[in-house]
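The basis for the numbers below is simple: all heavy atoms, side chains too, and nothing from hydrogens, waters or symmetry mates.
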Amino acid sequence: FAMRWEVNVTATTKRGTLPLTKRGLNFEMIMWLFTRLTALAMYAFVIAGLIGALIVSQKTQSNLADILLWAFFPRASENPLGGTIWITILAKLMVFAFVLVVSGHGVHGALEILDDFFATPLARRWFRNGIVTYVLVVNVIAIYVIWTS
């Protein structure tokens, strides 16, 4: 897929630039924007999680080791967040959202890289459908594990 366009070179324009109004909104531009926004969303989730962990650990007098032990082995240790169920639900919702953002970002990156290795459109379509199906199944399993733990 290649686009060919030419621009008149004048004193005010640079060769090879096209105004945003003439570019149009296509799938590639949407996916480029999706990649950038999901990367920013990952940073936002990490910062929000750290701030939330600091607030919760200050209120419950628990340390990072207690919170990590509870996060990875919830049935093996007591809940350092105390009896407040809303904090647990908020933490699970944040992890749920983080998993969805990260998987979307990762799948798009993998598809962009691996698309170069398939020559025919049929092979690309089968590969994309297989990867997207795999990611959907894995996300459902991850959400189930997060929500039931």
Report summary line: Smallest heavy-atom separation, Gly104 atom then Phe34 atom, equals O-CE2, 3.5 Å
Report task. Measure the CD1-NZ distance between Ile143 and Lys92 for me, rounded to the nearest 0.5 Å. Result -> 13.0 Å
Report summary line: Which of Val99, Val102, Val101, Leu40 passes side chain to side chain contact (heavy atoms under 4.5 Å, CB included) with Phe45? Answer is Val101
Query raised in the report: Which value, rounded to the nearest 0.5 Å, describes the distance between Arg36 atom CZ and His105 atom NE2?
Result: 8.5 Å
Requested in this report: Is it possible for you to say whether Leu93 and Val95 belong to one hydrophobic cluster, with membership spreading through side-chain heavy-atom contacts below 4.5 Å?
Outcome: no
Report task. Look up atom CZ in Arg124 and atom CG in Leu111, then write down how far apart they are to the nearest 0.5 Å. Result -> 11.5 Å
Query - Heavy atoms of other groups near Tyr134 OH, more than 12 under 6.0 Å - result: no
Report summary line: So CD1 of Ile30 and OG1 of Thr35: to nearest 0.5 Å the spacing works out to 12.0 Å
Query raised in the report: Quick one: do Val107 and Leu114 end up in the same hydrophobic cluster if we chain Ile, Leu, Val, Met, Phe, Trp and Tyr together by side-chain heavy atoms under 4.5 Å apart?
Result: yes
**Report entry** Point-to-point distance, once rounded to the nearest 0.5 Å, from CZ of Phe117 to CZ of Phe127
**Finding:** 10.0 Å
Query raised in the report: For Arg125, what residues pass the salt bridge (charged side-chain N to carboxylate O under 4.0 Å, His left out) criterion, not counting sequence neighbours?
Result: none
Query raised in the report: For atom CH2 of Trp147, is the number of surrounding heavy atoms from other residues, nucleotides or ligands below 6.0 Å larger than 12?
Result: yes
Query raised in the report: For the hydrophobic clusters of this structure (ILVMFWY residues joined by side-chain heavy atoms under 4.5 Å, transitively), does one cluster hold both Leu100 and Leu136?
Result: no
Query - Minimum heavy-atom distance Thr133-Asn129, with the two atoms named - result: OG1-O, 2.7 Å
Query raised in the report: For the atom pair CG (Asp115) and CD1 (Ile131), what is the distance rounded to the nearest 0.5 Å?
Result: 10.5 Å
